[in-house]
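Presented below is the structure to which this report refers.
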Amino acid sequence: MNITFPDGNSRYFENGTTAHEIAASISPRLAKATLCCEIDGERHDAFLPIERDCTLRFLTFDDPDGRWAYRHTAAHILAQAVKRLFPEAKLAIGPAIENGFYYDFDVEEPFTLDDLARIEKEMERISSENHKLERFELPRAEAIDFCKQQNEPYKVELIEDLPEDSVISFYRQGEFTDLCAGPHVQSTSKVKNLRLLSVAGAYWRGSEKNKMLSRIYGTAFEKKAELDEYITRIEEAKRRDHRKLGRELGLFTIMDEGPGFPFFLPKGMVLKNSLIEYWREAHKRYGYVEIATPIILSRELWERSGHWEHYKNNMYTTVIDEGDFAIKPMNCPGGMLAYKLEPHSYRELPMRVGELGLVHRHELSGALHGLFRVRCFTQDDAHIFMTREQMKDEIKNVVQLFDEVYSTFGLSYRIELSTMPENHIGTVEEWEENQEILRLAITEMGKDFKINEGDGAFYGPKLDFHLEDCLGRAWQCGTIQLDSQLPERFELEYTGADGQKHRPVMIHRALFGSLERFIGIITEHFAGAFPTWLAPVQVTVLPITDRAAEASAAVKARLEALGVRAECDLRNEKIGFKIREAQMQKIPYMLVMGDKEVEQNLVSVRSRKEGDLGAQTLDAFIEKLLDEIKTRAR
């Protein structure tokens with residue numbers, strides 16, 4: 001058989017030679033590094049015979065698919081360890097995920113942290129036992145019987161959902177066998193540097209109507225140094241957890257009385273309003289106007305927009321005057337109605353209309369997570385109405401706004417171009433034309449992007465902006481969605497230069513995405529130590545003596561008169577305690593005042609970041625502070 005390699009070279013091998021054997025013929029080092037392979041563009045086990053001419057690529061841990069196989073095998077090792085220690089456990093599913101893997105189990109009692117330690121030790125034992133992974137296939141009926149004999153009802157259910165003529169694959173390692181499509185690494189000894197991270201509840205198949213299973217999360221790396229680095233990042237992420245910081249800093253909370261519905265506390269409202277003020281300032285500079293549309297609108301409107309058909313399971317509904325209404329899950333239809341209130345000319349276009357709209361979406365309780373996944377949030381939406389000729393320039397204009405705002409927070413991003421989904425409205429030709437315009441706009445701006453096949457909105461393709469924080473984690477926030485469909489459904493019009501009626505095109509656009517989620521992201525990004533312009537309290541004045549208390553109150557009043565958010569700590573506590581408290585609250589500046597400072601008309605300045613900055617005049621401090629706030633310095 002003729003094997004062609006990625007560089008275009010090809011060689012002949014005996015039929016039945018495996019990818020591992022081919023790799024060994026090239027280099028022992030390559031054979032050792034190979035975890036699985038790609039045959040004619042599809043992932044395969046590197047230990048299975050190849051029987052035909054093909055293109056072959058070796059996949060190592062440096063390749064996403066190689067890491068996937070490595071961690072997928074780790075999930076099987078986890079399941080094998082659990083079955084050894086908890087024979088009555090029933091297996092559900094165990095995929096590789098980004099940065100790790102998980103496996104869902106049906107057990108009588110949820111796993112404890114002590115259990116995880118025992119399981120992890122057993123996984124290390126299984127790795128050292130060097131079990132070869134063996135793939136075998138069974139007809140669907142035999143596969144069902146096999147899983148019934150193994151007393152694995154969840155596996156039986158998965159197979160029963162497959163077509164009658166399916167051939168089902170399994171993988172065996174030692175005494176353990178699991179239903180799986182693969183691929184996997186050659187043996188359990190290839191998978192080292194394992195670590196179990198946490199346990200959580202997860203509904204079978206993601207439905208709250210099904211049983212709650214016990215999900216164990218873990219990770220695995222080829223090199224111990226990489227595992228240690230990852231664990232350090234995980235620990236740092238725990239320290240930065242926005243839910244923990246939200247409580248400690250008095251920003252926000254979520255209560256049992258409103259699962260998924262955040263409560264913003266006074267300091268959290270200062271943070272939120274500071275973001276909104278910045279949003280409004282930036283949008284005014286970029287030529288946007290702002291509107292507000294109702295939170296509840298009729299079912300007929302949602303049917304007209306297509307959301308009722310595509311989104312009704314995520315919508316909260318009610319009955320008013322015997323008519324069906326829905327709480328809005330997005331702002332778009334209200335924006336359509338606002339546009340239609342009066343006639344428009346081509347001279348008004350592009351028309352950029354922003355809205356900070358409170359939207360509600362029904363999320364499964366198991367999916368809720370702090371401010372990252374909630375049931376109500378403020379969507380910083382905008383709808384841009386334009387001619388077809390203006391589309392590319394408007395996309396660029398939005399990207400320039402994104403660049404400016406994200407850089408203010410020190411957030412970089414990567415872009416994905418999401419294309420036509422299976423369930424869509426509009427013609428293929430319209431989709432392809434709009435996808436090409438999105439591609440051209442960002443290409444001309446020198447931006448790189450990846451294609452995300454089939455993940456566009458039901459009405460149009462989109463650019464999704466995945467922000468990267470200081471820990472290298474990605475968060476999908478900004479989006480630019482190009483839409484020719486809703487203007488058609490709502491019969492939007494403008495009068496062209498020719499005096500005729502034309503249909504505008506529109507962009508749906510969110511910058512923060514969800515204001516609440518963005519607050520969660522930057523809380524973790526800054527570890528709660530917000531830049532001075534965002535900090536709920538920017539300066540705290542700390543008197544050392546009773547005599548300095550009156551002067552401290554006067555300093556606070558002067559700062560507040562200048563628009564600075566200031567506090568004065570008049571408690572009868574030692575100055576060291578007050579400074580530690582201010583540091584814990586992550587206040588950017590502390591002004592320490594004793595008798596000496598009062599006499600000399602000075603303040604001793606301490607920075608949250610730089611420590612003691614020495615004594616200076618209040619005027620000098622204020623000048624620097626106001627410049628820092630005005631420029632939104634990080």
Side-chain angles (χ1 to χ4, degrees), residues 68 70-127 147-161 170-171 173-181 184 188 191 193-220 227 230-231 234-235 237-238 241 243-244 254 256 259-260 363-370 372-373:
W68 189 94
Y70 188 91
R71 289 165 174 160
H72 191 191
T73 305
H76 278 227
I77 293 172
L78 165 59
Q80 185 175 8
V82 168
K83 291 295 281 187
R84 282 184 179 183
L85 298 173
F86 304 89
E88 299 305 311
K90 301 294 184 290
L91 304 176
I93 59 171
I97 55 176
E98 187 176 6
N99 295 323
F101 58 89
Y102 70 78
Y103 212 111
D104 290 344
F105 302 93
D106 185 354
V107 286
E108 285 191 12
E109 295 292 333
F111 296 112
T112 65
L113 292 179
D114 288 341
D115 292 334
L116 293 196
R118 290 174 57 211
I119 295 166
E120 188 177 292
K121 195 168 184 180
E122 190 64 32
M123 291 174 70
E124 291 169 354
R125 183 177 292 113
I126 292 167
S127 173
C147 289
K148 285 180 177 178
Q149 291 168 16
Q150 299 287 318
N151 194 21
E152 297 292 355
Y154 296 99
K155 303 295 184 181
V156 171
E157 183 179 329
L158 290 171
I159 298 170
E160 287 177 339
D161 285 348
F170 294 84
Y171 283 80
Q173 55 195 58
E175 82 286 356
F176 177 75
T177 301
D178 201 356
L179 169 73
C180 186
H184 286 279
T188 59
V191 181
N193 305 311
L194 297 147
R195 184 69 57 86
L196 297 184
L197 302 172
S198 62
V199 62
Y203 291 112
W204 168 236
R205 293 191 152 183
S207 172
E208 55 192 351
K209 296 177 182 177
N210 293 331
K211 187 171 184 179
M212 176 73 79
L213 305 179
S214 204
R215 174 174 293 178
I216 296 177
Y217 286 97
T219 192
L227 174 63
Y230 179 74
I231 296 301
I234 289 289
E235 293 304 315
K238 288 179 182 176
D241 190 316
R243 295 166 298 180
K244 170 176 169 286
I254 296 177
D256 292 341
E363 300 283 358
L364 296 176
S365 58
L368 299 176
H369 179 74
F372 291 160
R373 184 63 69 90

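Just so you know, residue 1 is the first one in the sequence shown, and it goes up from there.
In this structure, K121 does not pair ionically with E124, as no charged nitrogen and carboxylate oxygen lie closer than 4.0 Å. A salt bridge does not link D104 to R205: none of the charged side-chain nitrogens sits closer than 4.0 Å to a carboxylate oxygen.
In this structure the side chain of H72 reaches within 4.5 angstrom of the side chain of C180, judged on heavy atoms. At least one side-chain heavy atom of I126 sits less than 4.5 Å from a side-chain heavy atom of R84. Contact check for L85 versus R118: side-chain heavy atoms found under the 4.5 Å cut-off. Considering only heavy atoms from C-beta on, L91 comes within 4.5 Å of F176 through its side chain. Between F170 and C147 the shortest side-chain heavy-atom distance falls below 4.5 Å. Here the side chains of Y171 and L179 are not in contact, with every heavy-atom distance at 4.5 Å or above. Under the 4.5 Å side-chain criterion, counting only non-hydrogen atoms from C-beta, I254 is not in contact with P259. Two residues are said to be in side-chain contact when any heavy atoms from C-beta on lie closer than 4.5 Å; Y154 and L213 meet this criterion.
In this structure, the side chain of S127 engages the main chain of T188 through a donor-acceptor pair within 3.5 Å. Side-chain N or O atoms of K155 include one that pairs as donor or acceptor with a backbone N or O of A92 at under 3.5 Å. Remark: the backbone N or O of T112 is paired with a side-chain donor or acceptor of D115 at under 3.5 angstrom. Side chain of T219 to backbone of N99: a donor-acceptor contact under 3.5 angstrom is found. Panel note: side chain E120, backbone L196; a donor-acceptor pair is recorded below 3.5 Å.
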*Let me see the working for N193 and Y230 under side-chain hydrogen bond (donor to acceptor under 3.5 Å, both in side chains), right down to the final yes or no.*
CA-CA 11 Å; N193 305 311; Y230 179 74; over 6 Å; no
*Begin with the C-alpha distance, continue with both residues' side-chain angles, and end with the deciding distance and a verdict on side-chain contact (heavy atoms from CB on, under 4.5 Å) for R195 and L227.*
CA-CA 8 Å; R195 184 69 57 86; L227 174 63; 4.0 Å; yes
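Checked against side chain to side chain donor-acceptor pair (under 3.5 Å), K83 has the following partners two or more places apart in sequence or in another chain: E152. Shown here are the ring-ring contact (aromatic ring centres under 6.0 Å, His included) partners of Y203, two or more places apart in sequence or in another chain: there are none. Every residue two or more places apart in sequence or in another chain was checked for a ring-ring contact (aromatic ring centres under 6.0 Å, His included) with F101, and none qualifies.
Atom CD of E160 is surrounded by more than 12 heavy atoms from other residues, nucleotides or ligands within 6.0 Å. In this structure, E175 places its CD atom where more than 12 heavy-atom neighbours from other residues, nucleotides or ligands lie under 6.0 Å away.
Using a 3.5 Å distance cut-off with no hydrogens or angles, the side chains of Q80 and E122 do not pair a donor with an acceptor.
Residues M123 and A81 share a closest heavy-atom pair of CG-CB, 3.7 Å. Smallest separation of non-hydrogen atoms from A75 and G94: CB-O, 3.4 Å. Between K90 and P153, the closest heavy-atom pair is CD-CD, 3.7 Å. Taking all atoms of both residues into account, the shortest heavy-atom contact from L194 to A220 is CD2-CB, 3.8 Å.
Ring to ring, F105 and F111 are close: their centroids are under 6.0 angstrom apart.
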